[in-house]
Asks: 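Starting off with a structure, shown below.
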Number of protein chains: 2
Amino acid sequence: MKITLKTIADEAGLSVTTVSRALAGYDDVNEATRQRVMEIAERLGYQPNLTARHLRSKQTSTIGMVIPRTAYFADSFFMELLAGVGRQASAHGYDLLLSVQPPGDEELAAYRRMVAGSRVDGIVLARVLRHDPRIAYLQQANHPFVSFGRSETSDYPYIDVDGARGMRRLVQHLAENGHRRIAIILSPWELAFTTTRYEGYLEGLDAIGVQPDEAYVAEGDLTQQGGRDAAARMLALPEPPTAIIACNDLMAFGVMEAVEQRGLRVGHAVAVAGFDDVPAAAHAIPPLTTLRQPIYAIGCQMVDMLVRLLRGETLEHAHVLIEPELMVRASSGPQPAQA
Amino acid sequence: MKITLKTIADEAGLSVTTVSRALAGYDDVNEATRQRVMEIAERLGYQPNLTARHLRSKQTSTIGMVIPRTAYFADSFFMELLAGVGRQASAHGYDLLLSVQPPGDEELAAYRRMVAGSRVDGIVLARVLRHDPRIAYLQQANHPFVSFGRSETSDYPYIDVDGARGMRRLVQHLAENGHRRIAIILSPWELAFTTTRYEGYLEGLDAIGVQPDEAYVAEGDLTQQGGRDAAARMLALPEPPTAIIACNDLMAFGVMEAVEQRGLRVGHAVAVAGFDDVPAAAHAIPPLTTLRQPIYAIGCQMVDMLVRLLRGETLEHAHVLIEPELMVRASSGPQPAQA
DNA sequence: ACCATAATCCAAATCGTTTTGGAAGTCAAG
DNA sequence: CTTGACTTCCAAAACGATTTGGATTATGGT
C-alpha cells in the first residue's frame, strides 16, 4: 500500500496540512510534533509522490534534453555532452529527462511535450541550426534554456566554440608548414556553426595573403564517406590542394582515406586536419591534427548557466565563447615540398 | 497563459469531461463536437499537462535509469548502454529519466525517488552487485525492472553476458597458442559477474589440464593503474605467467604497460587479453585480444523486455544469456616459446 | 402514449501534494 | 476582564488531468 501524507496524518492524529508543513520544516509546527511526524514518516518509509508535488508546485527539478536519433553526428558527441550535463545536473540536484527522437517534427513535438507539459524546469539543446525552430519555440514559450551553439538571428544564452578563431589558427598553422593551396570541406549550411567556421577559414587565408578559390571549397555531410568523396574530387583537380581541412574529424578520416587511395602520404604530400578531437583522432594513422572542443566541460557549464537562470539570477555572461585548442599531430605534416 | 482543458471547454461551451473524452477518442462524444474540440485545441496549441495526467493515470511512459557518478567503469560502458536504452525507449514511445548519483546511499535514494515518487513506469539497471540493495528494494517494492547482470541469490528478469563461457573460450584460445601459465586479474568480488568469470577461468584451466595456482590470481579495481600494479607483481614471480587475462579492457591496458616496463613484448613474450572490447581495444598497440560485450544491443533488448513487462505480458525468456564474442588480436600473440 | 434503448453530455470525485486564510488556545500586559 | 500577540493547528482550495456514475434528450418499437 502506498504511504501518503494522509497515512501519516491518520497515524499521528494530525491533519495532512500539518504533516506536510512539519516535513517541509515550516516554523508554525511544534518541535515535538515535528519530531513525531518525522519519526513516523521514517518508520513507514514515506516517500513523497513527486508527480503530485510537481503538479502543485510547478517545479520539477528536472532538466530536459532531446537527442536526435540519427547517425548524423558521431554518437560520441551527444554522449560526451550528455555525460557533462548529467554530471553537473546531479551536482545541482537536478535529474535529467531525455527524449531520443528522429529529427524534424517529432523532435519539436518532444520539446513541446517537455515544456508545455510542465515536465522540466529548463532545457539544454545542442546542434543549433541557422534558423532553428526549437529555439524559436522556446523563446516564444518563454521557457529557460541554454544552447550549445549560436545563430546570429536572435539573442539567447549560449555557449559556443569560437570556430572562426579556430579556423584562423589552423590556416595559420598550415601556412607555417608551407601550405598555400588550402582546401576546406564544410558541414551542411543549415548548421549554424558552418558559417563562422567558413568565415574563419576565409580570414585565415586573407591573413596569409592567399586568394580564396572556390574549387577548394566543398560541402560535406559530416560522414566519413562524404569526406572521402569530396576530397577525392579535389585531389583530382589539375592543381590539387596540398592541405585539406574538414569541419569534423569523421570527414577528416575520410579525407585521409582519399589521400591514401591516390597513393599519397598524409602528413607528407598532403596535410589533413579535422575539428572536434574525437578519441579516435589521436589514434588514427597518422594521428590527426584537429581543433579540440571540450564537449564534456561545455555540458557542465551549460548546466551551470541554466541553473542560474532557473534560480532567477541574471547571467553576467550569457554568451560564452570558448577557444578550441589546436592539437598539432602528424597528419598536418611538415613542408609539402618535402614529399 | 496556460491552455488547459478548461480553456477549451469554455471556448467550446462544453464541459471539461467532454473535452477530455473528445481528445482521448472515446466514442461517447458526437463526431461533430469532437471535430470542433480538436479544431479548437489545435488552434490554441493545446498541450496536455503531463504531470497532471501522470498523477491521475499513474502511468508516466518513462523509463528510469540511475548512473553512478564515478570513474569506476570507463564512462564508455554506461554511455553505450544509455545509447541503446534511449534508442529503444524512443522506439516504444518512452522517455528516459536519468539520475546521475554518487554510488551508495544517494544512489539508492534516487531509485526510491523514482519508484515511490511515481516518476517512472519501469527501471533499467546495470552493474549488479552480489548482494545488491537496489534489486532488493525493487523486488520488495514490486516495481518492474530489468537488469544487466545477475546475482545467484534471487530471481528477476535480466540479460547477462555469459562470462563463464567467455572465459573458458579465452583460456582455450591461450592454450592453443601454447600457454600453460595463465594468470587472471579479477574485478572486485562484490560485482556479481566476478564469480562467473572466475569460475569460467577455473573450468577453462581444468579443460586444458592445468592446476590452478593462486599466485596467478589477483584482484584489481578495474582501473588501468590497478591492472598495471597487479601485473607487475605477477611478472616479478620466480615463474611468471606467460599469459595474463584481465577482467576488463582498462586493466588489460595496464597489464600491457607493466609487461613493456619489464622489457618484454606483448603478444610475444607475454600474451594479454581483456574483457569488454571497448573502442580503444582495437587501436591499442598491439591490438588487444578481448571478449566483446554487445552493450548497445543489450541496452535495446533490456528495454524490449521491460516494455513487455509494463504491458503486463509475461516474458517467455526472463533470463537471457549472451555469449561474448572472442576478438582475437595481436596481444594474445602466437607461441610463448617463440619469444 | 409509453417504454426501452442508444446517443451525448456533464458534475463530482480522484490522484497526492502545497498553500491560503483563518481558528483555537495560551499568555502576558493593560 | 479585555486585548493583542503568539503558538499551533487545520479545512478547503488549488494544480490539471481522468474516470465514475448518472442525467438528458432523441429515437424507435409496441
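Naming convention: chains lettered A, B, ... in sequence-line order (proteins, then strands); numbering from 1 in each chain. These figures come from a predicted structure and were not determined experimentally.
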Asks: Which two nucleotides bound the region of DNA chain D that has atoms under 4.0 Å from heavy atoms of chain B, read 5' to 3'?
Replies: D/dG16 to D/dT20

Asks: Roughly how far apart are A/F145 CZ and A/L310 CG, rounded to 0.5 Å?
Replies: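 Going from CZ on A/F145 over to CG on A/L310, the span is 12.5 Å.
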
Asks: Check this for me: A/D28, atom CG, are more than 12 non-hydrogen atoms of other residues, nucleotides or ligands nearer than 6.0 Å?
Replies: yes

Asks: Answer yes or no: side-chain N or O of A/R56 and base N or O of C/dT18 forming a donor-acceptor pair under 3.5 Å.
Replies: yes

Asks: Between B/S147 and B/R127, is there a side-chain donor-acceptor contact under 3.5 Å, judged purely by atom types and distance?
Replies: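 Short answer, no.
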
Asks: In this structure, how many angstroms lie between the P atom of C/dT17 and the CD1 atom of A/I3, rounded?
Replies: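 About 10 Å, once rounded to whole Å.
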
Asks: CG of A/L23 versus P of C/dT17: gap in Å, rounded?
Replies: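 Distance, rounded to whole Å: 10 Å.
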
Asks: Can you tell me how far the CE atom of A/M302 sits from the CD atom of A/Q88, to the nearest 0.5 Å?
Replies: 12.5 Å

Asks: Classify the side-chain pair B/R69/B/Q101 by whether it contains a donor and acceptor separated by less than 3.5 Å.
Replies: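 Note: B/R69 and B/Q101 side chains miss the donor-acceptor criterion.
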
Asks: Check the distance between C/dT14's C1' and B/K58's NZ and give it to me in whole angstrom.
Replies: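 One finds 10 Å between C1' of C/dT14 and NZ of B/K58, rounded.
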
Asks: For residues 13-21 of chain B, which residues have at least one heavy atom under 4.0 Å from DNA chain C?
Replies: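 Residues of residues 13-21 of chain B that come under 4.0 Å of DNA chain C are, in numerical order, B/G13, B/L14, B/S15, B/T17, B/T18.
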
Asks: Between atom CG in A/L55 and atom P in C/dC15, what is the gap in whole Å?
Replies: 14 Å

Asks: Does atom CD of B/E42 have more than 12 heavy-atom neighbours from other groups under 6.0 Å away?
Replies: no

Asks: Flag the pair A/F77 / A/F148 as yes when their ring centroid distance falls below 6.0 Å, and as no otherwise.
Replies: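 That pair passes the under 6.0 Å test.
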
Asks: Rounded off to whole Å, could you give me the CG-to-P distance for the B/L5 and C/dC15 pair?
Replies: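 Going from B/L5 (CG) to C/dC15 (P), I get 19 Å.
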
Asks: Residues of residues 29-39 of chain B with any non-hydrogen atom less than 4.0 angstrom from an atom of DNA chain D: list those, numerically ordered, please.
Replies: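 Nucleic-acid contacts, sorted: none.
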
Asks: What distance do B/T195 atom OG1 and B/E190 atom CD have between them, rounded to the nearest 0.5 Å?
Replies: 10.5 Å

Asks: Please figure out whether B/A52 or B/Y26 has its closest DNA chain D nucleotide nearer the 5' end.
Replies: B/A52

Asks: Counting N and O atoms only, with roles assigned by atom type, does the side chain of B/R134 sit under 3.5 Å from a partner on the main chain of B/A126, one being a donor and the other an acceptor?
Replies: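 Yes; judged by distance alone, with no hydrogens or angles, the pair exists.
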
Asks: Could you tell me whether the side chain of B/D28 has a donor or acceptor atom within less than 3.5 Å of a complementary atom in the base of C/dC9?
Replies: yes

Asks: To the nearest Å, give me how far apart NZ (B/K6) and C1' (C/dA12) are.
Replies: 15 Å

Asks: Quick check: does any side chain N or O of B/H319 sit under 3.5 Å from a backbone N or O of B/Y156, one acting as donor and the other as acceptor?
Replies: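 Between the backbone of B/Y156 and the side chain of B/H319 there is a qualifying donor-acceptor contact (under 3.5 Å).
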
Asks: With a 3.5 Å cut-off and no angle check, do the side chains of B/D121 and B/H143 form a donor-acceptor pair?
Replies: no

